[in-house]
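These notes concern the structure reproduced below.
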Protein chains: 2
Amino acid sequence: MIIDCHGHYTTAPKALEAFREKQLAAAKDKAALPAPGDLKIPDDAIRVSVEQAQLKLQRERGTDLTIFSPRASAMGHHLGSERASHDWSRLCNDMIRRVCDLFPKNFIGVCQLPQYPGAPPKNSIKELERCVNELGFIGCNLNPDPSGGYWTDPPLTDKWWYPIYEKMAELDVPAMVHVSASCNPNFHATGAHYINADTTAFMQFLTSDLFKDFPTLKFIIPHGGGAAPYHWGRYRGLAQDMKRPPLKELLLNNVFFDTCVYHQPGIDLLLKVVPADNILFASEMVGAVRGVDPETGHYYDDTKRYIDQAAISAADKAKIFEGNARRVFPRFKAA
Amino acid sequence: MIIDCHGHYTTAPKALEAFREKQLAAAKDKAALPAPGDLKIPDDAIRVSVEQAQLKLQRERGTDLTIFSPRASAMGHHLGSERASHDWSRLCNDMIRRVCDLFPKNFIGVCQLPQYPGAPPKNSIKELERCVNELGFIGCNLNPDPSGGYWTDPPLTDKWWYPIYEKMAELDVPAMVHVSASCNPNFHATGAHYINADTTAFMQFLTSDLFKDFPTLKFIIPHGGGAAPYHWGRYRGLAQDMKRPPLKELLLNNVFFDTCVYHQPGIDLLLKVVPADNILFASEMVGAVRGVDPETGHYYDDTKRYIDQAAISAADKAKIFEGNARRVFPRFKAA
């Protein structure tokens, strides 16, 4: 079985986006927010929205199941109000549940959280519980920068975040560290903000004792870990200069990387420096890069090809394609 | 000849740091700033400060000349006041000149600029002119985020920066894109802020027409280009999705990467995806990582070893070690 641990519902029916626009306009005018119950999207619209996109690509590329979450760039935690973020998160998570109900063999759910700049992460606990206990989701996406590019909330290793970690540990669900869009003109969303957030989270973990406090907590750093594997020597050296334990001991029981790296040399580097136990197959399709690489004749984000072609053992490939996802998402089995 | 294009004066005499502390305390209290002329550092103190550090490492590692600039983390553009930043930059640049005077075969100068959050980059022109015309420097370090981690100034591709680019073009000097310390608790300086800034600048360049406006302008993105080479497929794909020209055509006449990547697999990736014409040898010594890699028994930042061992032609090595630096820093010859 080939499990893609990182897919977003980037192809949702337009009505969802229209609701969001209406909601943000209301929040801006301090008017009454539209009622989520007023949004009616028929099953057929959902079916069509994935049939010609994610499902088609799964079939074409030979992957089986996607761990599926709402569109990351649309989480927009920095927009509207905290209340709007709550409504929007519930709505987006419910859409994921509906996709999973329609195609239970192809998708399993991960939720977005109703974060908001300056709002305590504990305010997201209720939605996390609902998604795991009621909707059967197996993980969450956690935004390390709800401000959308100004980084005004505390680092992920600050006690500010501990209530949500306590709940994650209790529910036994991991988080993918994933920012949303950037409202800072310095940062292109998928080309800078995403990658920077990955690198930033990795370094925050490296300098903290978070995993002494939460030995079972697990994070997936997407997009191949940002810059971390490319600068693995730098990070090993920084840890050493700070008299921290080696990275393997310090982080690798709790921190995992996905394979959203869109060329063979990048994947080869990742597989070379990071132990196979810490790598989860992912493509982020349909996502950040949608074209065909003229150098290969294949989609940039058809990352399965890079793993297939990599010079690693069949046992390591099996871990990356399936075993690690089952281990990092313990609720996978139950779901 | 082996030219290291990225070295900072991280070992300057303590008196320099003490001056800065006094200056920042005065700026905080809105008191009169200390006069730069009051700082007296004898030549011998300077001699000692590099003899057992940069010079020793040059000899041990077999490099010849370092393109040398003030300590990046101490530029602290976000601290004090704009006036303090001017005094401090002059002082730091003068120290570089003195090092170059004492060891003219080993060092050639690059300046820091008196940037300050919200202050127009044109305010840095005078110091750039002084450094190039009077001190014989061949380039500058340009901080893309004078706020120190909040990214509140416009992107490097905004017309806000054009006056300094006009002067750089006129003087025929390149800039290394280099942030200073981070005052944002989210960002470890050398482990996140530096690398993020590199990635950010690369993506800013990718999405703009800056080099149509300034065809001769040259930037070095340090630390191996941040995350850019590791995600080269992502960047090729993003450019393609945006209907931009291929990266080579779009950026590689103007954008260069250094080799401050502290392990062999990282350097191998860089050399594989980025043309040799766009890579400049650098170590950042004495800098971010100071230890010995237990996996190799050699200093992490002894980057010459990685290039020596890389599977590229002697002609490409010659470009990386020398030719490209002479081309990217046209004033090298004159100096």
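Values in this document were obtained by computation on a predicted structure and should not be read as measured data. Letters A, B, ... are given to chains in the order of the sequence lines, protein chains preceding strands, and every chain is numbered from 1.
Of all the listed residues (A/T199, A/D293, A/D241, A/T296), the one sharing the greatest number of non-hydrogen pairs under 4.5 Å with chain B is A/D241. Across B/D301, B/L270, B/V289, B/T157, the residue that shares the most heavy-atom pairs under 4.5 angstrom with chain A is B/V289. Counting heavy-atom pairs closer than 4.5 Å to chain B, the top residue among A/G191, A/A192, A/A227 is A/G191.
Contact between A/H263 and B/Y230 at its shortest, heavy atoms only, is NE2-O, 2.7 Å.
A/Q240 places a side-chain N or O within 3.5 Å of a backbone atom of B/V292 that can act as its donor or acceptor partner. Checked by atom type and distance alone, the side chain of A/H188 never pairs as donor or acceptor with a backbone atom of B/Q204 at under 3.5 Å. With A/H223 contributing its side chain and B/H231 its backbone, the two residues share no donor-acceptor pair below 3.5 Å.
Looking at A/D268, neither its backbone nor its side chain comes within 4.5 Å of chain B, counting heavy atoms on both sides. Contact of B/D145 with chain A is not made at all, since no heavy-atom distance falls under 4.5 Å. Neither the backbone nor the side chain of A/H193 comes within contact range of chain B; no heavy atoms are under 4.5 Å apart. For chain B, the nearby part of A/Y194 is the side chain; its heavy atoms alone come within less than 4.5 Å. Looking at A/P229, both its backbone and its side chain come within 4.5 Å of chain B, counting heavy atoms on both sides. Looking at B/T207, only its side chain comes within 4.5 Å of chain A, counting heavy atoms on both sides.
Residues A/E284 and B/R234 are in side-chain contact: their nearest non-hydrogen atoms beyond the backbone lie under 4.5 Å apart. With contacts defined as side-chain heavy-atom distances shorter than 4.5 Å, the pair A/I195/B/Y235 qualifies. A 4.5 Å side-chain heavy-atom check between B/T190 and A/L238 finds at least one atom pair inside the cut-off. When side chains are defined from C-beta on, B/Y262 does not count as touching A/R236, because their heavy atoms never get closer than 4.5 Å.
Sorted by first and then second residue, the side chain to side chain donor-acceptor pair (under 3.5 Å) pairs with a member in residues 269-278 of chain A read A/D277-A/K319; sequence neighbours excluded.
Annotation: B/Y299, atom OH; neighbour count of heavy atoms from other residues, nucleotides and ligands within 6.0 Å does not exceed 12.
A distance of 11.0 Å separates CD1 of B/I267 from CG of A/L269, quoted to the nearest 0.5 Å. Separation of atoms CG (A/N186) and CG (B/L156) is listed at 7.5 Å; rounding is to 0.5 Å.
B/W151 and A/Y150 have their aromatic ring centers separated by at least 6.0 angstrom.
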